[in-house]
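A short write-up of the structure that comes next.
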2 protein chains.
Amino acid sequence: MKLESVDISQTASASAIVFEALKRAIIKGELKDGEPLRQDEIARLFNTSRIPVREAISRLQEQGLVKSQRYKGAVVAGIAPEEVSEIFDFRALLEGHVIEQAVPRMSKETLSAARSYCEEFVASSDPMEWGDLNRKFHSALYQASGLSYHNGVVNAALDRVDRYLRAQLTLTDGMERANIEHMGILEACEKQDAKMACDRTRQHILGAKNTLINHLKSK
Amino acid sequence: MKLESVDISQTASASAIVFEALKRAIIKGELKDGEPLRQDEIARLFNTSRIPVREAISRLQEQGLVKSQRYKGAVVAGIAPEEVSEIFDFRALLEGHVIEQAVPRMSKETLSAARSYCEEFVASSDPMEWGDLNRKFHSALYQASGLSYHNGVVNAALDRVDRYLRAQLTLTDGMERANIEHMGILEACEKQDAKMACDRTRQHILGAKNTLINHLKSK
DNA sequence: ATATTGCAAATTGGATCCAATATATAATAT
DNA sequence: ATATTATATATTGGATCCAATTTGCAATAT
């Protein structure tokens with residue numbers, strides 16, 4: 001008799017665990033810009049040696065999320081306002097293109113999933129959750145494009161600015177405006193109007209960029 | 001008396017050296033798709049221990065240039081024809097945008113530098129050099145945009161397909177066509193016609209994609 | 001002959017140790 | 001008191017060692 005081959009939970013390597021945890025902490029903004037990442041301290045936190053920690057830091061550096069100097073260690077990478085601005089422009093270009101490709105490939109399930117993220121988004125009162133749901137909403141739509149490389153790059157760009165985006169959502173009318181614009185994008189998708197979805201996505205991103213830049217300048 | 005603080009040749013870390021060397025070897029195609037990267041072997045080659053090698057491999061993995069499996073090691077990441085196709089589409093979108101932004105910011109020096117790369121390109125008979133000069137030509141023009149994040153992403157995408165691009169250049173009329181199209185792009189830049197530079201760049205990339213895909217399918 | 005089992009070698013992941021460098025602190029000179 | 005030097009501590013980079021896992025190969029059974 002032959003048994004079905006079961007994937008016994010391939011427990012991830014320590015370095016992968018540390019990497020994911022640090023990445024999440026940086027993206028969410030729990031680790032502040034410029035905050036040093038002490039290998040020893042992190043190793044103790046995860047009950048490992050410094051080796052997996054160093055591999056994790058190497059990978060984070062490659063993603064641009066931390067900056068290291070030889071013998072001085074790694075710190076959470078800050079980001080200049082001009083770079084924030086450039087990354088939002090980049091996102092506008094790319095995400096517009098991706099959603100345009102995605103629209104003709106969206107299933108009913110995709111659209112209803114996006115809609116429910118949208119509803120959770122307005123229902124939620126936890127600012128930390130807004131960022132996640134915002135991202136899930138967009139990501140659900142983008143996935144339909146089938147463009148895995150494009151989506152990978154989109155996610156990498158988002159990782160770099162996610163914490164600022166979250167901050168932007170908490171500004172006065174950030175949530176409200178985001179929700180209106182999400183509905184507009186969703187509507188375009190449901191109408192199968194790819195060009196409109198593209199334009200609205202770009203406006204959504206460029207609008208967020210402007211309020212964010214103004215906010216950064218004002219202090 | 002106070003001496004000027006001199007930056008004594010900050011010799012790079014071993015892991016950085018190994019990383020750069022492996023990256024170059026993969027990009028140039030010296031390491032073939034699927035070829036395993038043995039930590040021990042590489043460590044001996046560079047007279048180091050396996051630790052820096054592992055950090056280098058971690059970083060390469062993050063860039064998508066190698067794929068690792070726990071306890072099985074890392075291999076040079078192959079790439080499916082569909083992914084090649086997607087990356088060329090991605091490049092067309094992005095590089096078109098970048099050169100469009102770059103055109104109004106191009107100095108005389110930029111243009112003459114690009115022109116000389118172009119001339120070296122036609123003069124060279126070494127297929128390996130073609131790839132380098134091709135890349136230097138485009139890069140020189142893109143740099144003028146000042147869009148460092150965009151350019152970083154462009155380079156990462158190029159790194160993934162560089163070896164296939166080189167192969168494409170060596171095809172029958174690859175060189176000849178590339179040169180004609182380069183001249184066309186350069187002409188558009190010199191005429192300060194940003195839209196034309198954008199369109200020609202996109203056609204250049206999509207044309208290369210088509211010949212490459214046909215070539216991949218034919219065998 | 002083919003498939004299965006049981007080692008032995010090879011290879012990777014991680015821990016511990018040492019060397020190189022940076023940072024903080026105390027001692028000294030002006 | 002301030003600035004400079006010397007010293008101690010902390011931290012990172014890398015080497016070596018051990019454990020976990022895979023892979024290759026021989027022995028065995030059918």
Side-chain angles (χ1 to χ4, degrees), chain A residues 1-23 25-26 31-32 34-63 65-77, chain B residues 1-23 25-26 31-32 34-63 65-77:
Chain A
M1 181 201 182
K2 205 151 191 186
L3 290 175
E4 197 67 26
S5 81
V6 181
D7 259 299
I8 279 298
S9 64
Q10 184 77 294
T11 44
S13 66
S15 80
I17 292 171
V18 174
F19 172 71
E20 294 296 338
L22 288 177
K23 185 175 166 184
I26 293 173
L31 291 169
K32 302 299 178 192
E35 189 160 338
L37 301 177
R38 299 280 164 227
Q39 298 174 5
D40 228 347
E41 184 184 357
I42 296 166
R44 271 196 303 273
L45 273 170
F46 289 91
N47 281 315
T48 68
S49 74
R50 283 164 45 217
I51 300 293
V53 175
R54 281 167 55 179
E55 283 179 26
I57 289 175
S58 290
R59 292 173 65 183
L60 290 168
Q61 193 182 354
E62 206 54 36
Q63 285 222 173
L65 293 174
V66 311
K67 292 213 178 306
S68 320
Q69 276 185 298
R70 194 159 147 84
Y71 291 116
K72 290 189 178 178
V75 298
V76 177
Chain B
M1 183 203 181
K2 204 152 189 185
L3 289 175
E4 196 69 26
S5 82
V6 180
D7 260 300
I8 279 298
S9 65
Q10 184 78 294
T11 43
S13 66
S15 80
I17 292 171
V18 174
F19 172 71
E20 294 296 339
L22 288 177
K23 184 175 165 183
I26 293 173
L31 292 168
K32 302 299 179 193
E35 188 160 338
L37 301 177
R38 299 278 166 229
Q39 298 174 5
D40 228 347
E41 183 185 355
I42 296 166
R44 272 196 304 273
L45 274 170
F46 289 90
N47 281 316
T48 68
S49 75
R50 283 164 46 217
I51 300 294
V53 175
R54 280 167 56 178
E55 283 179 25
I57 289 175
S58 289
R59 292 173 65 184
L60 290 168
Q61 194 182 354
E62 206 53 36
Q63 285 223 171
L65 292 174
V66 311
K67 291 211 179 307
S68 325
Q69 276 185 298
R70 193 159 147 84
Y71 292 117
K72 289 189 178 177
V75 299
V76 176

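What you see is a predicted model; the values in this text were computed from it and never measured. Just the heavy atoms: all of them, side chains too, but no hydrogens, waters or symmetry mates, feed the values below. Numbered from 1 within each chain, the chains take letters A, B, ... in sequence-line order.
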Just list the side-chain donor-acceptor pairs under 3.5 Å for residues 39-50 of chain A, sequence neighbours left out, or say none.
from     : atom 1 : to       : atom 2 : distance (Å)
Gln39(A) : OE1    : Arg50(A) : NE     : 3.0
Gln39(A) : OE1    : Arg50(A) : NH2    : 3.1
Ser49(A) : OG     : Ile51(A) : N      : 3.3

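Taking OG from Ser58(B) and CD from Glu55(A), the interatomic distance works out to 4.0 Å, rounded to the nearest 0.5 Å. The line from NZ of Lys67(B) to CG of Leu37(B) is 13.0 Å long, rounded to the nearest 0.5 Å. For the atom pair Ser15(A) OG and Arg70(B) CZ, the distance stands at 8.5 Å (nearest 0.5 Å).
We find that CD of Gln69(A) is positioned 10 Å from P of dA22(C), with the value rounded to whole Å.
Listed by residue number, the members of residues 42-56 of chain B with any heavy atom below 4.0 angstrom from DNA chain C are Arg50(B), Ile51(B), Arg54(B).
Ile57(A) and Ala74(A) make their closest contact through CG2-CB, 3.7 Å (heavy atoms, listed as atom of the first residue, atom of the second, distance). The shortest heavy-atom contact between Ala56(B) and Leu22(B) is CB-CD1, 4.5 Å.
For the pair Lys23(A) and Gln63(A), the minimum side-chain heavy-atom distance is below 4.5 Å.
Without hydrogens or angle criteria, Glu35(A) side chain to Lys32(A) main chain gives a donor-acceptor distance under 3.5 Å.
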Below 3.5 Å is the cut-off: list the nitrogen or oxygen pairs between protein and nucleotides 8-10 of chain D, distance only.
none

When you compare the protein's N or O atoms with those of nucleotides 8-11 of chain C, which come within less than 3.5 Å of each other, and at what distance?
from    : atom 1 : to       : atom 2 : distance (Å)
dT11(C) : O3'    : Arg38(B) : NH1    : 3.3

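Applying the side chain to side chain contact (heavy atoms under 4.5 Å, CB included) rule to Gln61(A) yields the partners Val66(A), Ser68(A); only residues at least two apart in sequence or on another chain are considered.
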